[in-house]
Amino acid sequence: MFSLRDRNLAREIISNLKEKDLSLNFMHVCGTHQDTLMKHGLDVLFKECGVNIIQGPGCPVCVTTPREIEEMILLAREGKTVATFGDMIQVPGEKQSLRDLRGEGCDIRTVYGIEDAVDIARREEDREVVFMAVGFETTAPSTASVVQQHPPENFSILCCHRTIPEALDAILSMGEIRLDGLIDPGHVSTIIGVKPYKFLTEKYGIPQVIAGFEPLDLIMAVWLLVKQIEKDKPKVENEYTRAVKEEGNIVAQKLLKEVFTSTDIKWRGFPVIPESGLILRDRHQEYDARRKYEDILSKLSGKTFREPPGCRCGELLRGLIEPQECPLFGKICTPSHPVGPCMVSVEGSCNITFKYSKRKIE
Amino acid sequence: MCLAVPGKIIDINEDKQHATVDYGDGIKRTVNISLVDAKIGTYVLVHAGFAIQTVDPKEAEETLELFREMIREEGG
């Protein structure tokens, strides 16, 4: 019902791109974009057109830091009920993952969303339930909505939400790779709309297109970026108009402002990115697990947490390497025995590449 | 994580905050609709148990037509 399919049009655009003798690097920041690219062999097709598309830090589970994982592990060890998304519990910490802790009797619950975690707290009043809230602007409104609804006292949130435009700013300012255009994430954009990306074009002169998740969405996004480059008129275009409104979701934006304030935060593979994290405002501090369990979490203060030995997820998240360039990929790091988060998460570049590694391109 | 799935609202709960969404193929789930202005029959994108935006199914065909026009006009 929402499909955007027209094989002839797709072929026409691709052959049009092939005639252009391009040599361009575009970055997207969304696991679902990566999945569409690889599932349909578009990555190969685009390379044949001279367009290389790189996945940046667009996987919330992947960019969550080792410290945040250790915070959850510590709370679980101290007897709290830890609830979070399925991918998150499998990410290895320094010694083990949250899933491994189940074997030691810790109470780790997989939930589909934050409301499921609140239901656990309501049903099991004798448990202290901590929800690990990861995710970008797509997910943060659900956390904000729940906080506004006054969940029970035995419920709290370890806030790990991060925001995309600031991360794109960091990537562009670091200048480690040449980028000729950005494919902005469709679902994040349903919330934030078009405007929050504009400063990037003003600051760096970079073309941007907000794209949906059908193959034709990405083909069209590439074509629109190429047109912007040819005309030398960089701007932010919205290709995904069937879901992304110019102004975004105003109700969700208002909620985000009421509940959260921005903070400087580290992303895996990156240094601290200014104003790219969301934390609960003081008036909601009773739900802030970092304040509620300050005594417990203080055990981690001053400690540094290393990336898994040999893991190159950091470089991958900055767009510097492809999964196959990591010596661990597909050998000791696989979806059933992941070493780094990019192999755990279904939105991680390594996981997606591994999944489609035996594909045949039509 | 940022995966969102489209579905149709087929019933709204008494609390007005939640609705039953039909994803097709007989899959139905209760979804929080407090972030969107939705009625029975509205199509929504659902992420982590919340409807994050309403979607107009007609827009897909309009977008396709617009793309076709753009390609025709500019011819690359």
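No experiment lies behind these values; they were computed from the predicted model shown. All values below were derived from every heavy atom in this structure, side-chain atoms included, with hydrogens, water molecules and symmetry-related copies excluded.
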Quick check on A:Leu17 against chain B: is it the side chain, the backbone, both or neither that has a heavy atom closer than 4.5 Å? neither
Okay, A:Leu224 and chain B: the region with an atom under 4.5 Å from a heavy atom over there is side chain
Atom of A:Val251, atom of B:Leu35 and distance for their closest heavy-atom approach: CB-O, 3.7 Å
CZ/A:Arg242 to CD/B:Glu62 distance, rounded to the nearest 0.5 angstrom? 12.0 Å
Rounded to the nearest 0.5 Å, the CD atom of A:Gln148 sits from the OG atom of B:Ser34 at a distance of 10.0 Å
Do you know which of A:Ala243, A:Ser142, A:Gly186 has the most heavy-atom pairs with chain B at a distance under 4.5 angstrom? A:Ser142
Supply the atom-to-atom distance A:Thr241 OG1 to B:Leu66 CG, rounded to the nearest 0.5 angstrom. 7.5 Å
Inspect the surroundings of CG in A:Asp21 and state if more than 12 heavy atoms from other residues, nucleotides or ligands are less than 6.0 Å away. no
Between A:Asp6 (side chain only) and B:Leu64 (backbone N and O only), is there a donor and an acceptor less than 3.5 Å apart? no
Which atom pair, heavy atoms only, marks the closest approach of A:Phe85 to B:Ala48? CE2-CB, 4.1 Å
Check this for me: A:Lys245, atom NZ, are more than 12 non-hydrogen atoms of other residues, nucleotides or ligands nearer than 6.0 Å? yes
Run the side chain to side chain contact (heavy atoms under 4.5 Å, CB included) test on A:Leu9 and B:Ile71 for me, step by step, so that the C-alpha distance in whole Å, both residues' side-chain angles and the decisive distance to 0.1 Å come before the verdict. CA-CA 8 Å; A:Leu9 181 61; B:Ile71 299 293; 3.8 Å; yes
One should read off an interatomic distance between A:Thr138 OG1 and B:Phe50 CZ, to the nearest 0.5 angstrom, of 13.5 Å
Any donor-acceptor pair under 3.5 Å from A:Asn249 side chain to B:Ile52 backbone: yes
If you count every heavy atom of other residues, nucleotides or ligands that lies below 6.0 Å from B:Asp37 atom CG, does the total exceed 12? no
For B:Phe67 and A:Glu239, the nearest pair of non-hydrogen atoms, with its separation, is CZ-OE2, 3.1 Å
Worked verdict on A:Glu115 versus B:His18 for side chain to side chain contact (heavy atoms under 4.5 Å, CB included): CA-CA 11 Å; A:Glu115 287 199 323; B:His18 294 81; 2.9 Å; yes
Structural part of B:Gln17 lying under 4.5 Å from a heavy atom of chain A: side chain
